[in-house]
Undergrad: 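Here's a structure for you.
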Amino acid sequence: MSARRFLGLLRKEFVQIVRDPSSIAIALVMPVVLLILIGFGISLDARDVRFGLVDENRSVESASLYQSFSNSRYFRPSLFADARAAEAALMRGDIAGFAVLRGDFARRVANPLQPVEIGIFVNGVDANNARIVTGYALGTIEKWLAARGRDRGHVVTPPITVDHRYWYNPEIRSANFIVPGLIALVMTMIGALLTALVVAREWERGTMEAMMVSPASMTELIMGKLVAYFGLGLGGLAVSVGLGLFVFEVPFRGSWAMLLAMSSVFLVVSLALGLVISTVARSQFVAAQLSFLVTFMPALILSGLMFDIASMPRWLQLVTTVFPARYYVSSLQTLFLAGTVWPVLLPDLAALAGFAVVLLTIAVVRTRRSLE
Amino acid sequence: MWRRIRSLIVKEFLTLWKDRKSRFVLVVPPIIQLLLFANAATFEVREVDVGIWQEDRAALATELLQRFEGAGNTFRVVRRYDNPRAVEDDIAAQRVKAVLHVGQDFSADLLAGRPARLQLLLDGRRSNAALIVQNYAAQIVERFNRERALSASRGASVNVETRAWFNPNYDSRWFILPGLTVLLTMVATLLITALSVARERELGTFDQLLVTPLRPLEILVGKTVPALVIGFVEANVIAAVTVLAFGVPFAGQVALFWVGIVLFVLAAIGVGLVISSLARTQQQAILGVFLLMSPATVLSGFTTPIANMPDWCQALTRANPLRYMMELSRGVFLQDLGWSLAWPQLWPMIVIAAVTLSYATWLFGRKLA
């Protein structure tokens, strides 16, 4: 490997990057757009749920329950005279669910020996949201009943309450755990798109073959590309982390050196992955589909960013282990929220380093072979 | 004129099908994505590893904790603790997702008539799963409370009957798959259209197309029809798999679904054509598709409800055709949506299709001049 030739190749790559704005757009503009739109778009924090109350009782008691729904920060309740009207609103999607207070509601509340009967109906299409809304509605009703019972001096069995505490994310902000995961997603796409698309284009135009007949060796060619795009990728990382800290106000509790180390290894992995894709695909259409399939989708679904890996079927849990994004997501979430926890970070780093070695080797071998 | 259009359509189909790899990526990725998504994209949690830190040995506390151990496939008690240090270490190292803590004064509180606290310590790094765990835990404790109140036969108890309409078992697949059908259709349609013009532009054949007797509108039709056919077929195949292989019900009218899909695919083609006429190279077109597709997925309510988003995000979703078809598809699959209730989803897609397609025609015409 000659240093002069290598520097020359590096210069060529940088000139290419500067001339073609699309690679700069991938590395620096894409993170901003993706992080802002997806970061604000994904939210599990239910708020202002439109909820109906069918009041067949029209008493002081039912009005008081309505009031406590209004006071809750989760609900924006509306009153319905009968269940049919509420059903129609549910069909239209105007409300997420409704509760029915029967005609004898007040009488039963007043009599501690008779259980109060309430029906809660939710739109189950979005199962997760339906479960959350049901839980909130139940909680609101029970809190109101308990307070009501105390006011009337009923002897109540003291309840057991659940006092939950979220470590590392006490206000349970979705952004705190989604944004570190999104940074991993963005870095995956930067790495793979940069190399997969750019190199696929070189194959399509035949400039790759032209380079191969030059005195530069295959390793030099690949290293030149990697180093140039590595620089761009680090720029993307800086932009993403900056957005995470200052726009989404996610705390950072780990060590910066470790962040840089993990990200560098991961960047090499995704750049190498892109190279492999480009040698397999050779056409930009196929390269685009493939990178979407092996980068974006797994990073979104199989990385633990959105969905819990431990809850997936066994065979799928095995599948997740072959996608590098999983390890990077886990270490980013830990670095941002928990700190430098070695039992989490070291296995992740080891896995990523393994991927880097394997993918780089495949890239070099495949590129050399494809010449024949 | 019809002959001209027909030969253009035939040519477009041939370009896609003659390449083995292009053919492959039209068929295989959607299948793989469907398989992965259907199994991975669930908001249920199963076999959550939890620890128990019991400081009060009273019978009631033990009984409550046994409820968690007995909660079969939801919780799996893997560790027991006697000091906070070990709890901290294990949560940090992700050995357990949550720890149930019963403090020393648990039974004393109950005897004194005060509410007793069961502390639930959760790993906030996985807030998504943690939220669900918290929800399950609250349900277990609530049932426990109700049974105690009943057996003591005092206190205002409440009988709540809950029902989830259209999805009685709260199955998240029923929610994810009708949405995924639409999402995969959009990806395929966008890539086909965005790349078809960009590829011709890059190869220089688009200029050749422009000097043929074809008028801009005819070029538009020629580019639209193949993508429409492929998108429509793809949507139907995925929908069939969703119903036949994954057991999601199809409660509504097939005709309404078809009308929705046609309008939606037309809107997607319009968007794809606009991207491709703005892009100078295939690479830029692919980038455009990527940059559009990833936020469009999130801003369609595919994974999390639109109602949870900040107001400016909700406003943005109105320009997203995926949002309307996502809602329509779920409505048709699960709740047998009628035509009148579907109209609020149908007309925005007509508007989006009309605007983008006429803009694309105008761009074709302008290139000519």
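Residue numbers start from 1 in every chain, and the chains themselves are labelled A, B, ... in the order their sequence lines are given, proteins ahead of strands. Basis for what follows: all heavy atoms, side chains included, without hydrogens, waters or symmetry-related copies. Predicted, not measured: the structure shown is a model, and the values here were computed from it.
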Undergrad: To the nearest 0.5 angstrom, please state how far the CZ atom of B:Arg125 sits from the CZ atom of A:Phe177.
TA: 13.0 Å
Undergrad: Please classify the contact between B:Val99 and chain A as side chain, backbone, both or neither, with a heavy-atom cut-off of under 4.5 Å.
TA: neither
Undergrad: Heavy atoms only: give me the nearest B:Asn135-A:Gly135 pair and the separation to one decimal.
TA: OD1-CA, 4.5 Å
Undergrad: Out of B:Ile91, B:Thr303, B:Leu334, which one racks up the most heavy-atom pairs below 4.5 Å with chain A?
TA: B:Ile91
Undergrad: Please report the interatomic distance NZ(B:Lys97) to CG(A:Asp308), rounded to the nearest 0.5 Å.
TA: 3.5 Å
Undergrad: Between A:Asp126, A:Leu316, A:Val341, which shows the greatest number of heavy-atom pairs under 4.5 Å with chain B?
TA: A:Asp126
Undergrad: Highest number of heavy-atom pairs under 4.5 Å with chain B: which of A:Arg50, A:Met30, A:Glu87, A:Gln317?
TA: A:Glu87
Undergrad: Got a second to check how far B:Thr304's OG1 is from A:Ile178's CD1, nearest 0.5 Å?
TA: 7.0 Å
Undergrad: Heavy-atom distance under 4.5 Å between the side chains of B:Val298 and A:Ile42, does that happen here?
TA: yes
Undergrad: If we define contacts as heavy-atom pairs under 4.5 Å, which of B:Arg330, B:Gln139, B:Arg117, B:Gln314 has the most with chain A?
TA: B:Arg117
Undergrad: Calculate, to the nearest 0.5 Å, the distance between atoms CE and CG belonging to A:Met312 and B:Leu36 respectively.
TA: 9.5 Å
Undergrad: Please round to the nearest 0.5 Å and tell me the distance separating atom CG of A:Leu37 and atom SG of B:Cys313.
TA: 6.5 Å
Undergrad: Please state whether the side chain, the backbone, both or neither of B:Val48 comes within less than 4.5 Å of a heavy atom of chain A.
TA: neither
Undergrad: Atom CZ of residue position A:Arg253 - does it have more than 12 heavy atoms of other residues, nucleotides or ligands inside 6.0 Å?
TA: yes
Undergrad: In terms of heavy-atom pairs under 4.5 Å with chain B, which of A:Val33, A:Leu345, A:Leu138, A:Ile132 leads?
TA: A:Leu138
Undergrad: Would you name the heavy atoms of B:Pro295 and A:Ile38 that are closest together and state the gap between them?
TA: CA-CG1, 4.2 Å
Undergrad: With a 4.5 angstrom heavy-atom cut-off, which part of B:Leu316 approaches chain A: side chain, backbone, both or neither?
TA: side chain
Undergrad: Heavy atoms only: give me the nearest B:Ala92-A:Val344 pair and the separation to one decimal.
TA: O-CG2, 3.5 Å
Undergrad: Any idea which of B:Asn39, B:Val141, B:Leu341 has the most non-hydrogen atom pairs under 4.5 angstrom with chain A?
TA: B:Asn39
Undergrad: Determine whether B:Gln335 and A:Asn123 make a side-chain contact, defined as any pair of heavy atoms from C-beta on separated by less than 4.5 Å.
TA: yes
Undergrad: Can you tell which of A:Ala310, A:Gly41, A:Ala25, A:Pro343 has the highest number of heavy-atom pairs within less than 4.5 Å of chain B?
TA: A:Gly41
Undergrad: In Å and rounded to the nearest 0.5 Å, what is the OG to CZ distance from B:Ser172 to A:Arg131?
TA: 7.0 Å
Undergrad: At their closest point, which heavy atom of B:Asn167 faces which heavy atom of A:Ala127, and how far apart are they?
TA: ND2-CB, 3.7 Å
Undergrad: For B:Phe106, is it the side chain, the backbone, both or neither that has a heavy atom under 4.5 Å from a heavy atom of chain A?
TA: side chain
Undergrad: Would you check if B:Gln94 and A:Ser330 make a side-chain contact, meaning some heavy-atom pair closer than 4.5 Å?
TA: yes
Undergrad: Checking A:Trp342 against chain B: side chain, backbone, both or neither under 4.5 Å from a heavy atom?
TA: neither
Undergrad: B:Pro178, B:Ala188, B:Pro305, B:Ala194: which one forms the most heavy-atom pairs within less than 4.5 Å of chain A?
TA: B:Pro305
Undergrad: Quick one, B:Asp123 and A:Tyr168 - any side-chain contact, counting heavy atoms below 4.5 Å?
TA: yes
Undergrad: Would you please classify the geometry between the B:Trp165 ring and the A:Phe98 ring as parallel, tilted or perpendicular, with 30° and 60° separating the classes?
TA: perpendicular
Undergrad: In the structure I gave you, are the side-chain heavy atoms of A:Val125 and B:Phe333 within less than 4.5 Å of one another anywhere?
TA: no
Undergrad: Is it the backbone or the side chain of A:Thr320 that comes under 4.5 Å from a heavy atom of chain B, or both, or neither?
TA: neither
Undergrad: Non-hydrogen atoms of chain B under 4.5 Å away: do they reach the side chain of A:Met91, the backbone, both or neither?
TA: both
Undergrad: Which atoms form the tightest heavy-atom contact between A:Trp167 and B:Glu88, and what is the distance?
TA: CZ3-CA, 3.6 Å
Undergrad: Is it the side chain or the backbone of B:Leu100 that comes within 4.5 Å of chain A heavy atoms, both, or neither?
TA: neither
